[in-house]
Amino acid sequence: VQLVESGGGLAQLGRSVTLSCTAQGFTFRTTPMGWLRQPPGKAMEWVSDISASGATADYETFAKGRFTISRDNVKNTLYLQMNFLKPEDTAVYYCAAKTTRRPPQWCSRGGLYCYTDWGQGTQVTVS
């Protein structure tokens with residue numbers, strides 16, 4: 001499994017950034033995907049999840065109305081569009097996959113969303 005995030009960097013307060021994640025090594029089109037993030041000095045937190053088909057998506061409270069998750073099952077790519085960025089959005093953002101190759105390695109609070117793999121992350125800094 002290989003997940004490679006891109007699109008991070010320095011972003012201005014209130015502006016937008018779109019993150020991308022290219023996936024290899026598993027059947028992307030049948031795999032639920034998500035985005036996680038780790039703010040500086042804090043634990044990993046769940047951001048968003050999207051079904052394998054892309055028909056359904058869910059967001060953490062802080063992301064609702066500002067972030068949009070999407071996927072292209074032909075290009076094997078996951079996206080996260082982030083609008084109206086705030087300083088508290090500063091974090092390393094990780095693309096995550098819920099494959100069937102092993103038990104979940106990380107789950108959101110309450111265990112609703114679990115993932116088996118994630119990438120190296122891309123830093124987003126809002127100032």
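All values reported here derive from a predicted model rather than from experimental measurement. Reckoned from all heavy atoms, side chains included, excluding hydrogens, waters and symmetry mates.
Note on W46 and W35: separate hydrophobic clusters, where clusters join Ile, Leu, Val, Met, Phe, Trp and Tyr whose side-chain heavy atoms are under 4.5 Å apart, directly or indirectly. The hydrophobic cluster containing Y113 also contains W118, counting ILVMFWY residues as joined when their side-chain heavy atoms lie under 4.5 angstrom apart, directly or transitively. Under the 4.5 Å side-chain contact rule for hydrophobic residues, M44 and Y115 share a cluster. Hydrophobic clustering (side-chain heavy atoms under 4.5 Å, transitive across Ile, Leu, Val, Met, Phe, Trp, Tyr) groups V124 together with I69. By the rule that hydrophobic residues join a cluster once side-chain heavy atoms approach within less than 4.5 Å of another member, V92 and W106 end up as members of one cluster.
Side-chain atoms of S16 and N83 form a donor-acceptor pair, as typed in the model, at a separation below 3.5 Å. Judged by distance alone, the side chains of T99 and T116 do bring a donor and an acceptor atom under 3.5 Å apart. Defined by atom type and a distance below 3.5 Å, a donor-acceptor pair is missing between the side-chain atoms of Y59 and D49.
For the atom pair CD of Q38 and NZ of K42, the computed distance is 11.0 Å after rounding to the nearest 0.5 Å. Note that the OG atom of S108 and the CD atom of E60 stand 8.0 Å from one another [nearest 0.5 Å]. Taken to the nearest 0.5 Å, the CG atom of L13 stands 8.0 Å off from the OG atom of S127. Q81 CD to S20 OG: the interatomic distance, rounded to the nearest 0.5 Å, is 10.5 Å. For the atom pair CD of Q12 and OG1 of T125, the computed distance is 13.0 Å after rounding to the nearest 0.5 Å. Taking CD from Q24 and CG from L3, the interatomic distance works out to 9.5 Å, rounded to the nearest 0.5 Å.
Under a cut-off of 6.0 angstrom, the local environment of CD in Q120 is sparse, with at most 12 non-hydrogen atoms contributed by other residues, nucleotides or ligands. With a 6.0 Å radius and a threshold of 12 heavy atoms from other residues, nucleotides or ligands, R109 has its CZ atom at or below the threshold.
In this structure, S48 contributes its side chain and D58 its backbone to a donor-acceptor pair below 3.5 Å. Between the T31 side chain and the R29 main chain, no donor and acceptor come within less than 3.5 Å of each other.
Using a 4.5 Å heavy-atom threshold, the side chains of Y93 and L36 count as separate. D89 has its side chain within reach of F67: a pair of non-hydrogen atoms, C-beta onward, lies under 4.5 Å apart. Contact annotation: the side chain of I50 approaches that of L78 to within less than 4.5 Å [non-hydrogen atoms, C-beta and beyond]. Proximity of E5 to Y94: side-chain heavy atoms (C-beta onward) are separated by under 4.5 Å at one or more points. Using a 4.5 Å cut-off on side-chain heavy atoms (C-beta onward), R101 and V1 make contact.
A cation-pi arrangement is found for R71 relative to F28, the charged atom lying closer than 6.0 Å to the ring centre and inside a 45° cone about the ring normal. For the pair R37 and F62, the cation-pi criterion (under 6.0 Å, within 45° of the ring axis) is fulfilled.
Nearest heavy atoms, P104 versus C107: CB-SG, 4.1 Å. Between P40 and A91, the closest heavy-atom pair is CD-CA, 4.4 Å. Nearest heavy atoms, V17 versus A11: CG2-CB, 3.5 Å. Closest non-hydrogen pair, V47 versus L80, comes out as CG1-CD2, 4.2 Å. The minimum heavy-atom distance linking A52 with N73 is given by the pair O-ND2, 2.9 Å. When all heavy atoms of G111 and C114 are compared, the pair lying nearest together is O-SG, 3.7 Å.
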Go through the steps for V126 and K86 under the test side-chain contact (heavy atoms from CB on, under 4.5 Å), then give the verdict.
-> CA-CA 6 Å; V126 182; K86 304 176 181 180; 5.7 Å; no
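Applying the disulfide (SG to SG under 2.5 Å) test to residues at least two apart or on different chains, the pairs with a partner in residues 10-93 are C21-C95.
A salt bridge is absent between D117 and K98; no separation between the charged side-chain nitrogens and carboxylate oxygens falls under 4.0 Å.
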